[in-house]
Amino acid sequence: MSKGLTSRSDDYSQWYNELVTKADLAEHSAVRGCMVIKPYGYSIWEKMQAALDQMFKDTGHSNAYFPLFIPKSFFSKEASHVEGFATECAVVTHYRLKNDGKGSIVVDENAKLEEELIVRPTSETIIWNTYKGWIQSYRDLPILVNQWANVVRWEMRTRLFLRTAEFLWQEGHTAHATAQEAIEETERMLEVYADFAENWMAMPVVRGRKTASERFAGALDTYCIEALMQDGKALQAGTSHFLGQNFAKAFDVKFANKEGKLDHVWATSWGVSTRLIGALIMAHSDDSGLVLPPKLAPIQVVIIPVHKTEAELDQITAIAKELSAQLKKRNISVKYDSRDTQRPGFKFAEYEMKGVPVRLAIGARDLENGTVEIVRRDTKEKQTINRDNLDQFIEDLLGDIQSNIYAKALRFRNQNTREVNSYDEFKRVLDEQPGFVSAHWDGTPETEKQIKDETKATIRCIPLNNKQEEGKCIITGKPSSQRVLFARAY
RNA sequence: CGGGGUGUAGCGUAGCCCGGUAUCGCGCCACAUUUGGGAUGUGGAGGUCGUAGGUUCGAAUCCUGCCACCCCGACCA
C-alpha cells in the first residue's frame, strides 16, 4: 500500500478514486466499465446484503432467481420501458465461436440467434412474463419476490461503485390485487431503504418522489431516497416504483377478483445496488481514508501488538486472545494483527485507510499498567484505558461511533440545505455553497428542463410530508404550493 | 458517443520533441539492527515500454488502427 491520499479539498474525485483502490475495495478489470470487487469491498456488500435481506424477509418477501438473458421482443411490450433502456443494452447475437484457421477465435456467423437476447438491465419484463403463469385469481396475490442479481447497463461514463456497466443489486418485484395495496408496498419498501440507509449506513436520506421526467421507465410513480455527499452533490441511493398496471397490461397478466371479474394486476419494483458502497464512502470518509459505520464494518475492532521481545509478544497475545473471545461473545468482529512483517505505525495507517472503527494497541506500558490504547476511527480520539470491562466499553464505543457519524452527516446535510427564493440566489448558492437547494417550482417539465440545462441541477425529489406553503416559481413566478429539492447529482 | 489527456517493473515516474533496448523513488526478496504513528543499513530480484501493425540497419521514441483509464460534454431507473 502506498502512502498518502489526495485530500478531498484538492481534488474530490481523485480522492474518491484513490480511496477505493487504496482501501482495497475494488479495482478496474480488463473489461471497460466493469470492476473487480475485492474481498474487503465485497465483505461490506455482504454485510449490506445480510441486513437488507433480513428486512425484506421481515416484510414478507422471498428470494427467487430469474434469467440473465431476456428475449429482445419482451422489451418492446412496454413502450416507455424500452425507450428508457434501449440505448444502453448489451445484446447477445451469437451462441458459438470458431477457430478462423489463422490462430484467432472469431464469432461463428452460422451460429446467429433467431432472436437476440438482451443482458438484463433490469428484470421487469422477464418477471412479468413469468408472473403471467403464476397468477389466475386474487388467491394467488400478492406475490412478494426479491432477487439478488447482477445487471448490465452500457453506461458511457463509469466510476467505481457509483456507475459501472455491470453492477450487483437486488430488485423486488411484487404483484397486487389493488392499486392501494401496491402503493402501500411501494411506500413500505421506500421506508425499508430509508431505515437501512440511516440506521445501518449512518447516512441520512430525504424520502421523496421523483418528478415525471425523472421517473423510472414504465412507472406511474417513483419514490426515492436521496443522500448528500461531502462535495455537496446528491446521490440517489435507492428507488421504489409504483408501476400501476403497465407491466400487467404489457404481459397480459390478469386475475379474477372475489366477484369473479377479471382485472390487470398492480405492480411495484424496488432496488438498491452496489452504488450504496459509493454512497457509504462519500458520506463519511476523510483524508486518511475510509470511515465505516460499525454496523457494516467487516472488521469492527483491530488489535495491534507493540512489543520489543518475544516474551512481551506472548503476553500481549494472551491478552488479545482473551479479549477477542469476550468481544466475539458480544458479536463484535475482531482482528488481531500480530504480523511481524509490518511495524505498528504502518498498521495504524493501514487500518485507518480501511476504516476499521476501533483500534487497540497493546504494548509494554500496558502490560505493566493493565491498560490498552484505544483509538476511534471517526474522531481519531486516542485514550488509554483500563482493561477491566473493556468489552463493554468497546460495545458502547461502537454504538457511539455509529450514532456520531450519523449525527455528523446529518449536521452536514442540514448545513448544506438552503432555501432560496429567486433564480439568481439559486444559481449563486449552487456555485458557491453546493448542496440541496429548496425552491418553489411551477410543476412543469419545461421549467425543470430549463433549470437543468442552465445550471446542471436537477429536481432530486419532492420530499414526502413536505411542508405546504404558498410561493412563486423561481423561474416563471407562477404559484407553487410547496418547495422541491434541487441539487447537482451523481 | 464527441472533445481533450494519459498508458514505461506491484505503485508513482524520467526518457519521447531531436530513433541506438530504459532513469529514479516507493514497494518486493535476503541479512542485520529495529518496533507506542507509514524504520534504517547493506546486498539482490523484477520491464514483450497498453496492444496490433507500419516506417527504419535499428522504435519506449516517428506513423496508423485498436484497447483501457482520467477530465469535460451528451447520456444516465
Side-chain angles (χ1 to χ4, degrees), chain A residues 1-6 11-14 16-18 21-22 27-35 78 80-89 104 120-124 151 153-160 162-165 167 169 171 210-219 221-224 235-243 269-273 275 288-289 304-310 312-313 316 337-353 359-369 371-375 380 382 384 452-453 456 458 489-490:
Chain A
M1 186 179 300
S2 53
K3 270 190 188 179
L5 187 62
T6 298
D11 186 337
Y12 191 83
S13 80
Q14 194 179 338
Y16 177 85
N17 289 334
E18 286 181 11
T21 51
K22 289 187 176 179
E27 62 188 39
H28 290 286
S29 69
V31 184
R32 180 200 135 83
C34 296
M35 64 178 168
E78 213 291 327
S80 57
H81 191 66
V82 66
E83 208 172 303
F85 288 103
T87 57
E88 53 180 36
C89 287
S104 287
R120 62 181 168 215
T122 180
S123 300
E124 275 78 6
V151 288
R153 297 180 188 178
W154 214 260
E155 300 288 355
M156 289 296 114
R157 207 171 155 187
T158 60
R159 297 196 66 191
L160 293 172
L162 295 174
R163 177 172 284 110
T164 46
F167 56 92
W169 78 343
E171 46 182 326
K210 288 294 188 188
T211 60
S213 51
E214 297 275 335
R215 245 175 231 152
F216 174 73
D221 206 352
T222 288
Y223 291 68
C224 63
L235 184 79
Q236 177 177 300
T239 47
S240 184
H241 314 291
F242 171 55
L243 302 173
S269 70
W270 28 274
V272 295
S273 71
R275 179 181 240 204
S288 302
I304 297 169
V306 183
H307 63 284
K308 289 191 170 62
T309 65
E310 284 300 311
E312 275 173 12
L313 180 61
I316 294 166
D337 186 353
S338 60
R339 285 178 298 173
D340 62 359
T341 50
Q342 312 293 350
R343 300 166 86 247
F346 180 92
K347 295 177 187 175
F348 295 165
E350 182 179 8
Y351 291 108
E352 258 164 31
M353 185 65 81
R359 181 183 86 222
L360 303 181
I362 308 175
R365 281 202 308 258
D366 302 300
L367 292 177
E368 205 165 303
N369 302 331
T371 55
V372 297
E373 180 188 271
I374 186 164
V375 181
K380 296 192 189 165
K382 188 182 285 189
T384 299
K452 184 181 177 183
D453 290 346
K456 293 185 202 162
T458 50
Y490 279 95

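So you know, we letter chains A, B, ... as the sequences are listed, proteins then strands, and number each from 1. Because the structure is predicted, anything quoted here is derived from the model rather than measured.
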TODO: Could you measure between the two P atoms, the one in U48(B) and the one in U8(B), and give it in whole Å?
DONE: 13 Å
Task: d(CG, N369(A); P, G36(B)) in whole Å - done: 18 Å
For nucleotides 30-34 of chain B, list the nitrogen or oxygen atoms of the protein found under 3.5 Å from its nitrogen or oxygen atoms, one pair per line.
residue : atom : partner : partner atom : Å
U34(B)  : O2   : R343(A) : NE           : 3.4

Task: Sugar-phosphate only, base, or nothing, as touched by A361(A) at under 4.0 Å among non-hydrogen atoms - done: base
TODO: Please state the C1' separation for the pair A9(B) and U42(B) - nearest whole angstrom.
DONE: 22 Å
Task: salt bridge (charged side-chain N to carboxylate O under 4.0 Å, His left out) involving R275(A) - partner list, sequence neighbours excluded - done: none
Distances under 3.5 Å only, N/O to N/O: pair up the protein atoms with those of nucleotides 42-48 of chain B.
none

Task: Pairing residues for W169(A) by the ring-ring contact (aromatic ring centres under 6.0 Å, His included) criterion, not counting sequence neighbours - done: F167(A)
TODO: Select one nucleotide: of G37(B), G38(B), U35(B), the one nearest the side-chain heavy atoms of P344(A).
DONE: U35(B)
Open item on the list: What I want to check is whether the side chains of H241(A) and T222(A) have a donor and an acceptor closer together than 3.5 Å.
Closed with: yes
- [ ] Show your reasoning for whether side chain to side chain donor-acceptor pair (under 3.5 Å) applies to T6(A) and D11(A).
- [x] CA-CA 7 Å; T6(A) 298; D11(A) 186 337; over 6 Å; no
Task: With sequence neighbours excluded, residues passing salt bridge (charged side-chain N to carboxylate O under 4.0 Å, His left out) with D221(A) - done: R209(A)
Task: Check: S288(A) and L5(A) side chains under 4.5 Å, non-hydrogen atoms - done: no
For nucleotides 65-71 of chain B, list the nitrogen or oxygen atoms of the protein found under 3.5 Å from its nitrogen or oxygen atoms, one pair per line.
residue : atom : partner : partner atom : Å
C69(B)  : OP1  : G33(A)  : N            : 2.7
C69(B)  : O3'  : H28(A)  : NE2          : 3.3
C71(B)  : OP1  : S13(A)  : OG           : 3.1

TODO: Could you work out the separation of U13(B) and C26(B) based on their C1' atoms and round it to a whole Å?
DONE: 11 Å
Open item on the list: Suppose you measure atom C1' in G27(B) against the same atom in U40(B); what distance do you get, rounded to whole Å?
Closed with: 16 Å
- [ ] Using salt bridge (charged side-chain N to carboxylate O under 4.0 Å, His left out) as the criterion, list what pairs up with E155(A), not counting sequence neighbours.
- [x] R163(A)
Open item on the list: Using the P atom as the point on both nucleotides, what is the distance between C57(B) and A52(B), in whole Å?
Closed with: 23 Å
TODO: Answer yes when E350(A) and R339(A) have at least one side-chain N-carboxylate O distance shorter than 4.0 Å, and no when they do not.
DONE: yes
- [ ] May I ask you to say what G84(A) touches in the nucleic acid, namely base, sugar-phosphate or nothing, with a heavy-atom cut-off under 4.0 Å?
- [x] nothing
- [ ] Can you measure from CD (Q236(A)) to OG (S273(A)) and round to the nearest 0.5 angstrom?
- [x] 9.5 Å
- [ ] Please list, chain by chain and in numerical order, all residues satisfying side-chain contact (heavy atoms from CB on, under 4.5 Å) with R159(A), sequence neighbours excluded.
- [x] S13(A), Y16(A), N17(A), L162(A), Y490(A)
Open item on the list: Test of understanding: with salt bridge (charged side-chain N to carboxylate O under 4.0 Å, His left out), list the residues that count as partners of D453(A), not counting sequence neighbours.
Closed with: K449(A)
Open item on the list: Among residues at least two apart in sequence or on other chains, which ones pass ring-ring contact (aromatic ring centres under 6.0 Å, His included) with F85(A)?
Closed with: H81(A), F216(A)
- [ ] Round to the nearest Å and state the distance from F346(A) atom CZ to C26(B) atom C1'.
- [x] 11 Å
TODO: Among the candidates G37(B), C76(B), G38(B), find the nucleotide nearest to the side-chain atoms of E88(A).
DONE: C76(B)
Task: Side chains of T384(A) and E373(A), donor plus acceptor under 3.5 Å - done: no
Open item on the list: Pairs counted only when both distances fall under 3.5 Å, Watson-Crick or G-U: show me the 5' to 3' dot-bracket for RNA chain B, [ ] for pseudoknotted crossings and | for other-strand partners.
Closed with: (((((((..(((.......[...))).((((((.....)))))).....(((((..]....))))))))))))....
Task: Residues forming a side-chain hydrogen bond (donor to acceptor under 3.5 Å, both in side chains) with S29(A), sequence neighbours excluded - done: none
Open item on the list: Using O4'-C1'-N9-C4 for purines and O4'-C1'-N1-C2 for pyrimidines, with syn meaning within 90° of 0, is U56(B) syn or anti?
Closed with: anti
Task: Whole-Å C1' distance, G41(B) and U34(B) - done: 11 Å
Open item on the list: Among C28(B), C1(B), G36(B), which nucleotide has an atom closest to any side-chain atom of Q342(A)?
Closed with: C28(B)
